[in-house]
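Predicted model only: the values in this text are computed from it and were never measured.
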Amino acid sequence: MGVILNPGASAFLSARRLNIYVDKSDMISRIIPFVGTADKYLCVSRPRRFGKSFMANMLSAYFDNTVDGHEAFKGLKVTSEPSFETCLNKFYVVKLNMQNFISESEDIKEMIELLKRSVMWDLKKVFPDVSYFDENNLGRSFADIYDATGNTFVFIIDEWDSIFREFKTDFAAQKKYLDFLRDLLKDRDYVEFAYMTGILPIKKYGSQSALNMFKEISMESPGIFAEYTGFTNDEVLKLCESHNMDMEACRLWYDGYSFPNCEHIYNPRSLVEAMNNAAFADYWNKTETYEALRAYIDMNFDGLKDSIIKMMAGSRERVNTGSFQNDMTTFSNKDDVLTLLIHLGYLGYDKEKSEVFIPNKELMMEFVTSTTAGIPWKEVANSVSESRELLKSTWAMKEKDVAAGLEKAHLETSHLQYNDENALSYTISLAYYAARDYYSIVREMPAGIGFADMVFIPRKNSVDKPAMIVELKWDKSVDTAIKQICNKHYPDVLKKFTGDILLVGINYDKKTKKHECRIERLKKIKRGLTGSFLSGIVRAKERLNDYLIVKD
């Protein structure tokens, strides 16, 4: 066993001994069909805190011929897979963590030389009798071993893209590094399987990949590996039950990544932190500062700022990921920035619709922090900071105060196109940012015989708050909005809710550029009650199914 060659199973076993361990070992059964074939090259990219190194350590323990895999994987799901024995501990493993080599080097040339010397040190200890033609040529040395012994190797490269983060603008160094990897791995008989993991997909030059033999598994397109990107719904449900944590709150904080083959994926690192601390919070910032996000969303590309604001308001944005060059510096338009944010985990991605969105509360807090720390995002900062007062005014049915608050929010986001009800909804959603602490907010929700513009459904811990149905109008009237809510029976969608419901009508007059607000309260009643009960309701106006519409 060496440091690089056949590193053993200690890292994997350490992970198994953690207080929380989620068994993802059946991923190995998805890997095995690639081993020893023309498709033996996989590059798996994921954001930080999404278990990349854990998977690399697991694969190393599985393939390493110095490990007792039956003991290392005892009790795990993969042992029941028919293919478990196929490649179990049958190969020499070369495990490289590129970040370690970079941290010990001044430049890329020194890093590559250090890597070659380190690998050769282990190779010569295990294969001392091989005659090496050129010990400075790593690929030739592996070929010498293969020719002499017939042994093949599994290469596991963790943090493969570190150089693109550490040497962001040194394109000559990046190309030298990619050429080194290509020479080491491509079309080499001694390569039984190569697995690389990092944050970014493989760097492109123009439309070509420098390592085009690799199959890409990424946040943009995880394919059959989608369920191994993070924790699945079933896995999180078990954790919530064993740690007495609320599943709905867990979904709100850490869910939101969704793929065609797996509808719900949770951020694993943050979820484990929440379980261990028995508290839902923003754990993302423990491994990343808000400046990292701010550096990208501050970029001066046409439409980028509008897209960020709309997503913070709960909308989705179309994106073209095709021009992204898979690095952290080469950007030609806003789509390149949004695509990078997909790979960094800040945005979810709907591949079928080519849309990006902010996936959960934890990431929304990162966007809020990044946009409330300086002048360029002053309008967002103001809307967010004043949203709690707007919500309180709505609960208190202070119509003039609500209209004034929306008026201010509109002025602060006036650079957005503001010419229809859909655009109006962006301002309303951002203005009610604080409501997300109490409500699930659904836009265009099927209700009654139509679609309610916005429905605010109280969360489990906020059942004392009124539900809210918001109808938006453009150059019409607030009375029209309220009548539409009633005539189309929108409150029917909340028939299981036992508390009060606020009907909120909002109209924007394009000529006067003024907002108007009307708020009515629905009070739940029991069917058949009349007389003194009804007369006791303050200023009852009319009855709507199981409710009385009242004006406080």
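- Contact of the Met55 side chain with the Thr197 side chain is not registered, since no non-hydrogen atoms from C-beta on lie closer than 4.5 Å.
- In this structure a side-chain-to-backbone donor-acceptor pair under 3.5 Å is missing from Asp161 to Gly198.
- Residues passing the side chain to side chain contact (heavy atoms under 4.5 Å, CB included) test with Phe451 are Glu444, Pro446, sequence neighbours excluded.
- Side chain of Arg251 to backbone of His264: no donor-acceptor contact under 3.5 angstrom is found.
- Side-chain contact between Met365 and Trp253: present, with at least one pair of heavy atoms (C-beta onward) separated by less than 4.5 Å.
- Partners of Phe259 according to the ring pair (Phe, Tyr, Trp, His ring centres under 6.0 Å) rule, which considers only residues two or more places apart in sequence or in another chain, do not exist here.
- Distance check, rounded to the nearest 0.5 Å: CD1 of Ile31 to CD1 of Ile224 gives 8.0 Å.
- Within a 6.0 Å sphere centred on NZ of Lys465, other residues, nucleotides and ligands contribute more than 12 heavy atoms.
- Ionic pairing of Asp306 and Lys310 is not present here: no N-O contact between side-chain nitrogen and carboxylate oxygen is shorter than 4.0 angstrom.
- Aromatic ring orientation, Phe324 versus Phe331: parallel (interplanar angle below 30°, classes split at 30° and 60°).
- Between Arg46 and Gly51, the closest heavy-atom pair is NH1-O, 4.0 Å.
- In this structure the side chain of Ile217 never reaches within 4.5 angstrom of the side chain of Tyr195, judged on heavy atoms.
- Not a single donor-acceptor pair under 3.5 Å links the side chain of Glu362 to the backbone N or O of Tyr254.
- Annotation: the span from Ser10 atom OG to Asn57 atom CG amounts to 8.0 Å, rounded to 0.5 Å.
- Residues forming a ring pair (Phe, Tyr, Trp, His ring centres under 6.0 Å) with Tyr432 (at least two apart in sequence, or on another chain): Phe456.
- Atom CG of Asn277 is surrounded by more than 12 heavy atoms from other residues, nucleotides or ligands within 6.0 Å.
- For Thr330, the side chain to side chain contact (heavy atoms under 4.5 Å, CB included) partners are Phe171, Lys203, Gln325, Asp327, not counting sequence neighbours.
- Ring-plane geometry between Trp474 and Tyr508 is classed as tilted, the angle between the planes lying from 30 to 60 degrees on a 0 to 90 degree scale.
- In this structure, CD on Glu159 lies 7.5 Å from CZ on Arg48, to the nearest 0.5 angstrom.
- Using a 3.5 Å distance cut-off with no hydrogens or angles, the side chains of Asp234 and Thr232 do not pair a donor with an acceptor.
- Counting only distance, with no hydrogens or angles, the side chain of Thr79 and the backbone of Leu76 share a donor-acceptor pair below 3.5 Å.
- Between the side chains of Tyr257 and Asn267, no donor-acceptor pair of N or O atoms lies under 3.5 Å.
- Contact check for Cys43 versus Leu211: no side-chain heavy atoms found under the 4.5 Å cut-off.
- Not counting sequence neighbours, Asp39 has no partner by the salt bridge (charged side-chain N to carboxylate O under 4.0 Å, His left out) test.
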Taking distance alone, no hydrogens or angles, what donor-acceptor pairs closer than 3.5 Å link side-chain atoms of residues 457-464 to residues at least two apart or in another chain?
residue : atom : partner : partner atom : Å
Arg459  : NE   : Arg436  : O            : 3.4
Arg459  : NE   : Tyr439  : O            : 3.2
Arg459  : NH1  : Ser440  : OG           : 3.0
Arg459  : NH2  : Tyr439  : O            : 2.8

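- Residues that satisfy the ring pair (Phe, Tyr, Trp, His ring centres under 6.0 Å) test with Tyr177, not counting sequence neighbours, are absent from this structure.
- Phe73 places a side-chain heavy atom less than 4.5 Å from the side chain of Met58.
- A 4.5 Å side-chain heavy-atom check between Gln484 and Asp453 finds every atom pair outside the cut-off.
- Counting only residues at least two apart or in different chains, side chain to side chain donor-acceptor pair (under 3.5 Å) contacts with residues 238-249 are absent.
- Formation of a donor-acceptor pair under 3.5 Å by the Trp160 side chain with backbone atoms of Leu200 is found in this model.
- For Asp336 (side chain) and Thr339 (main-chain N/O), no donor-acceptor pair under 3.5 Å exists by modelled atom type.
- Taking 4.0 Å as the cut-off between side-chain N and carboxylate O, Lys473 and Glu516 do not count as a salt-bridged pair.
- Under the 4.5 Å side-chain criterion, counting only non-hydrogen atoms from C-beta, Cys240 is in contact with Val236.
- If you take CG on Leu341 and OG on Ser307, they are separated by 11.0 Å, rounding to the nearest 0.5 Å.
- With sequence neighbours left out, the side chain to side chain contact (heavy atoms under 4.5 Å, CB included) criterion links Arg318 to Ser354, Glu355.
- A donor-acceptor contact shorter than 3.5 Å is absent between the side chain of Thr329 and the backbone of Thr169.
- Applying the salt bridge (charged side-chain N to carboxylate O under 4.0 Å, His left out) criterion to Lys392, with sequence neighbours excluded, gives Glu389.
- Under the 4.5 Å side-chain criterion, counting only non-hydrogen atoms from C-beta, Arg165 is in contact with Gln99.
- In terms of modelled atom types and a separation under 3.5 Å, the side chain of Lys24 and the main chain of Glu227 share a donor-acceptor contact.
- From Asn276, atom CG reaches atom CD1 of Ile20 across 4.0 Å, with rounding to the nearest 0.5 Å.
- Checked for salt-bridge contact, Lys77 and Glu81 miss the test: no charged N lies under 4.0 Å from a carboxylate O.
- One N or O on the side chain of Ser258 and one on the backbone of Glu263 form a donor-acceptor pair closer than 3.5 Å.
- With sequence neighbours excluded, the residues forming a side chain to side chain contact (heavy atoms under 4.5 Å, CB included) with Ser387 are Tyr433, Ala434, listed by chain and number.
- Shown here are the ring pair (Phe, Tyr, Trp, His ring centres under 6.0 Å) partners of Phe225, two or more places apart in sequence or in another chain: there are none.
- In this structure a side-chain-to-backbone donor-acceptor pair under 3.5 Å is missing from Ser218 to Ser45.
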Residue pair Trp395, Tyr438: steps toward the ring pair (Phe, Tyr, Trp, His ring centres under 6.0 Å) verdict:
CA-CA 12 Å; Trp395 287 338; Tyr438 308 96; 5.4 Å; yes
